[in-house]
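Right, one structure below, let's go through it.
In this text the structure is predicted, and so the values were computed from the model without any measurement.
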Amino acid sequence: MPRRRIGFWYRFAAVLCKPPLVVLIKRDWRGMENIPAEGGFITAVNHNSHVDPFAYGHFQYNTGRVPRFLAKSGLFKKGFAGAAMRGTGQIPVYRESSDALSAYRAAIDAVERGECVVFYPEATLTRDPDLWPMTGKTGAARVALQTRCPVIPVAQWGANHLLAPYAKKPDLWPRKTHQVFAGPPVDLSRFYDKEMTPDLLKEATEVIMAAITSQLEGLRGEKAPATPYDPRQVRREQRRRTLVEEERDEKSEKAERGELEKAAPEVVAEAVAEKAVREMTEAEHEKGHGK
């Protein structure tokens with residue numbers, strides 16, 4: 001596969017990052033033959049560790065088609081980090097845009113220039129308890145349908161053993177294996193020449209995520225859940241449960257107040273009786289002293 005001109009900044013990043021990755025992680029990489037040798041394309045990758053962008057970047061770099069990751073536009077503005085992001089050709093995403101397609105204009109331009117653009121469709125570390133891919137965002141599908149470029153589904157597994165999601169310390173020993181499987185392009189042709197409605201984009205995204213999940217099943221030797229973890233659905237369910245609990249607590253408080261109100265006359269009567277007995281006792285006591 002021909003290797004394109006990479007440039008100073010990317011080679012500099014490789015010099016910094018590759019040695020520790022080689023030391024810390026063994027490699028089980030498959031499917032490099034599915035990475036297009038020419039032309040723009042998208043790789044859609046699952047995300048289960050803060051380390052996996054570096055581990056996956058190593059894989060993609062070694063294919064000869066360097067990855068252009070999507071990142072918040074603010075990271076490109078200042079300091080060494082901004083210079084490195086710009087110098088390595090990473091792609092700013094302008095999320096402040098009110099037009100969903102315009103927010104990914106830089107990614108579209110990169111694909112049309114013949115670049116490899118990396119999407120993490122989940123947009124964050126998976127929150128699935130067993131680290132299976134979640135439901136995806138529609139950005140990769142938008143760019144793919146706009147450009148009609150190949151979408152290569154990529155499953156990865158093992159970086160999460162080095163650094164578990166949201167963990168603060170890596171587990172360095174024994175040495176972990178990073179597995180990658182780049183599959184054949186996802187067939188999205190049935191979505192071409194149609195209006196990019198939310199439902200169509202959702203369906204195209206589900207096709208992409210299903211391909212990633214299927215490849216991850218092969219790497220893990222396990223079956224994924226029938227229904228992908230949906231963080232939005234989980235949040236809705238949590239809010240529903242909170243509302244139900246609050247309503248139950250409110251009804252319980254009202255019931256308690258009602259019982260107290262019902263019990264109030266009895267309490268008053270008892271207090272009046274006790275006062276009468278006390279007054280009679282005091283009167284008899286005073287009468288006795290009078291004698």
Side-chain angles (χ1 to χ4, degrees), residues 1-7 9-11 13-15 17-18 21-22 25-49 51-71 88-91 93 104 106-122 133 136 139-159 177-189 191-192 204-205 207-220:
M1 185 177 296
R3 182 176 291 272
R4 294 189 170 201
R5 183 176 181 276
I6 293 173
W9 276 102
Y10 231 124
R11 293 192 184 281
V15 167
C17 297
K18 286 181 70 173
L21 289 170
V22 170
I25 302 175
K26 295 183 286 186
R27 294 172 299 286
D28 177 9
W29 292 346
R30 314 172 200 174
M32 282 189 177
E33 68 278 6
N34 290 318
I35 300 298
E38 296 293 336
F41 65 100
I42 288 171
T43 59
V45 192
N46 66 305
H47 192 18
N48 54 35
S49 172
V51 172
D52 68 42
F54 298 96
Y56 168 71
H58 187 191
F59 164 85
Q60 188 63 53
Y61 182 90
N62 278 25
T63 69
R65 302 299 307 275
V66 296
R68 309 299 185 187
F69 288 89
L70 296 169
T88 54
Q90 307 313 310
I91 300 170
V93 176
Y104 291 98
I108 293 170
D109 291 344
V111 168
E112 291 177 344
R113 289 196 308 270
E115 300 284 358
C116 165
V117 178
V118 181
F119 273 87
Y120 283 100
E122 298 161 281
R142 286 180 183 275
V143 175
L145 296 183
Q146 176 71 16
T147 62
R148 300 195 180 188
C149 69
V151 178
I152 308 301
V154 179
Q156 60 175 335
W157 186 252
T177 298
H178 181 233
Q179 297 176 282
V180 178
F181 180 21
V186 180
D187 183 7
L188 299 177
S189 59
F191 302 108
Y192 295 163
T205 300
V207 172
I208 294 170
M209 295 308 300
I212 298 170
T213 302
S214 176
Q215 289 166 202
L216 186 58
E217 288 178 333
L219 289 179
R220 294 177 59 171

(message) Are R27 and L21 packed together at the side-chain level, in the sense that at least one heavy-atom pair is separated by less than 4.5 angstrom?
(response) no

(request) Please check if the side chain of S214 supplies one atom and the backbone of A211 the other of a donor-acceptor pair under 3.5 Å. (result) no

(message) In terms of relative ring orientation, are W29 and F59 parallel, tilted or perpendicular, with 30° and 60° separating the classes?
(response) perpendicular

(request) Look up atom CZ in R142 and atom OG1 in T205, then write down how far apart they are to the nearest 0.5 Å. (result) 8.5 Å

(message) If you define the side chain from C-beta out and look only at heavy atoms, does anything of L216 sit under 4.5 Å from P133?
(response) yes

(request) Could you tell me the separation between the SG atom of C116 and the CZ atom of F41, rounded to the nearest 0.5 Å? (result) 3.5 Å

(message) Using every non-hydrogen atom in the two residues, find where P153 and V151 come nearest and quote the distance to one decimal.
(response) CD-O, 3.4 Å

(request) Report yes if the side chains of H178 and F54 come closer than 4.5 Å at any heavy-atom pair, otherwise no. (result) no

(request) Please name the pair of heavy atoms, one in M209 and one in G136, separated by the smallest distance, quoted to 0.1 Å. (result) CG-N, 3.9 Å

(message) Would you compute the distance between atom CD of E115 and atom CD1 of I91 and round it to the nearest 0.5 angstrom?
(response) 7.5 Å

(message) Do P185 and I152 make a side-chain contact, defined as non-hydrogen atoms from C-beta onward lying under 4.5 Å apart?
(response) yes

(request) Please name the pair of heavy atoms, one in L145 and one in A204, separated by the smallest distance, quoted to 0.1 Å. (result) CD1-CB, 4.5 Å

(message) Applying side-chain contact (heavy atoms from CB on, under 4.5 Å) to V154 and V118, what does each step give before you reach the verdict?
(response) CA-CA 10 Å; V154 179; V118 181; over 6 Å; no

(request) Report the distance from atom CG of N62 to atom CD1 of I35, rounding to the nearest 0.5 Å. (result) 11.5 Å

(message) What I'd like to find out is whether the side chain of R220 reaches to under 4.5 Å of the side chain of Q179, using heavy atoms alone.
(response) no

(message) Restricting to non-hydrogen atoms, name the atom on P67 and the atom on Y61 that form the minimum distance, rounded to 0.1 Å.
(response) CD-N, 4.1 Å

(message) Could you measure the distance from the CG atom of N48 to the OH atom of Y120? Nearest 0.5 Å is fine.
(response) 9.0 Å

(message) Tell me the closest heavy-atom pair linking V45 and P121, and the distance in Å.
(response) O-CD, 3.3 Å

(request) Evaluate the side-chain proximity of F119 to V143: yes if any heavy-atom separation is below 4.5 Å, no if none is. (result) yes

(message) Do R148 and Y192 form a cation-pi contact, if we require the NZ or CZ to be under 6.0 Å from the six-membered ring centre and within 45 degrees of the ring's axis?
(response) yes

(message) Quick check: closest heavy atoms across I25 and T177, and the distance to 0.1 Å?
(response) CG2-C, 4.2 Å

(message) Is any side-chain heavy atom of Q215 closer than 4.5 Å to one of W157?
(response) no

(request) Using a strict cut-off of less than 4.0 Å between a Lys/Arg side-chain nitrogen and an Asp/Glu carboxylate oxygen, indicate whether D28 and K26 qualify as a salt bridge. (result) no

(message) Is it the case that the side chain of Q90 and the backbone of T88 share a donor-acceptor pair, with hydrogens and angles ignored and the cut-off at 3.5 Å?
(response) yes

(message) Counting C-beta onward and ignoring hydrogens, is there a side-chain heavy-atom pair between V180 and Q60 closer than 4.5 Å?
(response) no

(message) Given 3.5 Å as the limit, does a donor-acceptor pair link the side chain of Q156 with the main chain of H47, or not?
(response) no

(request) Could you tell me whether the side chain of Y56 and the main chain of N46 form a donor-acceptor pair under 3.5 Å? (result) no

(message) Run the salt bridge (charged side-chain N to carboxylate O under 4.0 Å, His left out) test against E217 and tell me which residues pass, sequence neighbours left out.
(response) K223

(request) Without swapping roles, check the side chain of R65 against the backbone of G39 for a donor-acceptor pair under 3.5 Å. (result) yes

